[in-house]
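These notes are about the structure you will find just below.
Residue numbers run from 1 in the order of the sequence given.
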Amino acid sequence: MASNAPPRIFDPQRRLAARRRMRAPRSACDAPRYIIDDMVEDVIERLAFLRIEPPAALVVGDWTGELAKSLRSLGASVSEAEPADGFDIERPYPHGGFDFVASLGVLDTANDLPGALIHIRNALSPRGMMVASFVGAGSLPVLRSAMLAADGERPAPRLHPQVDVRAGGQLLQRTGFADPVIDSRPLRASFRSLDALVADLRAMGLGNVLANPGPPLGKAALDRARAAFLSEGEHGRTVETFEILTLSGWRPG
């Protein structure tokens with residue numbers, strides 16, 4: 001019998017563990033937070049440009065608390081939800097009636113992304129607005145190249161499949177959002193080594209949470225990956241790119 005269940009690309013338990021592992025390094029004063037900071041700043045700028053001051057808002061995934069703080073300064077009643085605390089992005093939200101929902105850095109590992117977007121839409125009041133940002137297609141090109149160099153003729157699944165701008169637009173139309181806007185912007189950071197990049201990814205909850213991850217790299221393969229990564233840089237640093245995909249839309253009134 002055919003099943004309507006979405007394919008199991010990501011492991012929910014590994015996703016939960018990755019979010020919970022963030023708690024230790026992010027408490028340090030030098031914990032990397034450039035991706036979430038970029039997303040928060042973008043949301044604040046969008047709301048200011050549109051002159052939106054939502055009375056009731058929900059913020060999902062912003063572990064810095066900065067977006068909630070900004071919204072409260074506008075007089076909003078703000079609820080916060082964090083997957084590390086058991087909030088499941090792939091289930092109906094326990095509360096609704098929000099004028100604004102921001103989802104930051106969590107939808108990229110949803111097995112049922114259309115379903116997750118529908119849950120957000122259902123949590124909105126009529127004419128409520130959603131902004132969802134996550135790491136999208138085109139991200140980590142140097143790391144991808146390094147992993148291919150490491151694996152040689154037998155590449156293994158190591159990096160996540162990602163959503164591009166075109167697919168993002170189709171998702172918003174499919175899930176019933178009005179006036180959809182989709183855009184992507186690059187965020188670049190430089191690293192002295194492959195290990196430094198991997199440490200940042202883990203500290204920001206962006207490690208591999210695939211349901212069928214590849215086997216660990218052996219010493220020789222890891223050396224090849226490190227060398228390939230460094231060969232893409234100059235003056236001892238390699239620049240890596242994160243493409244931040246942002247989807248926004250309104251619940252029809």
Side-chain angles (χ1 to χ4, degrees), residues 3 5-26 31-32 34-36 61 83-84 88-90 105-116 133-164 166-168 171 184 186-233 237-245:
S3 172
R8 191 171 182 271
I9 301 171
F10 304 102
D11 185 329
Q13 293 304 313
R14 297 189 70 203
R15 179 174 63 203
L16 178 61
R19 294 292 297 190
R20 287 178 172 172
R21 279 196 301 268
M22 293 169 57
R23 287 177 166 167
R26 80 185 188 199
Y34 44 88
I35 291 181
I36 192 68
D88 192 339
I89 61 173
E90 299 192 64
V106 297
L107 291 183
D108 54 312
T109 56
N111 285 309
D112 183 6
L113 183 50
S133 291
F134 50 91
V135 175
S139 296
L140 301 171
V142 182
L143 179 59
R144 290 180 185 276
S145 179
M147 291 299 100
L148 289 173
D151 286 325
E153 297 180 355
R154 302 184 65 179
R158 301 196 183 280
L159 277 77
H160 298 166
Q162 296 167 332
V163 180
D164 61 17
R166 180 178 179 182
L171 280 166
S184 180
L187 177 63
R188 297 183 175 88
S190 66
F191 302 90
R192 293 190 180 278
S193 67
L194 174 65
D195 299 81
L197 168 60
V198 171
D200 271 18
L201 293 177
R202 289 174 175 166
M204 294 187 291
L206 295 173
N208 186 334
V209 297
L210 292 169
N212 296 299
L217 290 175
K219 184 179 183 305
L222 182 56
D223 287 343
R224 289 195 296 271
R226 287 168 171 160
F229 184 82
L230 290 176
S231 72
E232 294 293 328
R237 300 193 73 91
T238 299
V239 176
E240 185 59 287
T241 301
F242 300 85
E243 287 288 339
I244 310 301
L245 182 67

Note to self: Taking the side chain as everything from C-beta on, heavy atoms only, tell me whether R224 gets closer than 4.5 Å to L217.
What the structure shows: no
In this structure, CG of D108 is separated from CD of Q162 (nearest 0.5 Å) by 7.5 Å
Query raised in the report: So, does R202 use its side chain to make a donor-acceptor pair with the main chain of M22 at under 3.5 Å?
Result: no
Using the side chain to side chain donor-acceptor pair (under 3.5 Å) rule, take E232 and T238 through it: C-alpha gap first, then chi angles, then the decisive distance, then the call. CA-CA 6 Å; E232 294 293 328; T238 299; over 6 Å; no
For I9 and N111, the nearest pair of non-hydrogen atoms, with its separation, is N-OD1, 2.7 Å
Can any side-chain N or O of R144 pair as donor or acceptor with the backbone N or O of S139 at less than 3.5 Å?
yes
| S231 (side chain) donor-acceptor with A228 (main chain) under 3.5 angstrom | yes
Value for CZ (F242) from OH (Y34), rounded to nearest 0.5 Å, stands at 4.0 Å
inquiry  = I'd like to know if the side chain of R15 reaches the main chain of T109, judged simply by a donor and an acceptor atom lying under 3.5 Å from each other, with no hydrogens or angles considered.
reply    = yes
When rounded to the nearest 0.5 Å, the distance separating NE2 of H160 from CZ of F134 is 13.5 Å
Do the side chains of D151 and R154 get close enough for a salt bridge, i.e. N-O under 4.0 angstrom? no
To the nearest 0.5 Å, atom CD of E240 lies from atom CG of L197 at 5.5 Å
What one should report as the nearest heavy-atom pair of S184 and L245 is CB-CD1, 4.2 Å
In this structure, CG of L206 is separated from CG of L159 (nearest 0.5 Å) by 10.5 Å
**Asked** Do any N or O atoms from the side chain of T241 and from the backbone of P186 form a donor-acceptor pair under 3.5 angstrom?
**Response** no
Heavy-atom nearest pair, N208 first then R14, reads O-NH2, 2.9 Å
In short, L16 meets P83 closest at the heavy-atom pair CD1-O, 3.3 Å
Taking R8 first and then D11, would you say they form a salt bridge - that is, a charged N and a carboxylate O separated by under 4.0 Å? yes
Between the CG atom in L143 and the CG atom in L148, the distance rounded to the nearest 0.5 Å is 9.5 Å
- Output, in order, the C-alpha distance, side-chain angles, deciding distance and verdict of side-chain contact (heavy atoms from CB on, under 4.5 Å) for I36 and M204. CA-CA 8 Å; I36 192 68; M204 294 187 291; over 6 Å; no
What one should report as the nearest heavy-atom pair of M147 and A225 is CE-CB, 3.7 Å
In short, A156 meets G214 closest at the heavy-atom pair CB-CA, 4.0 Å
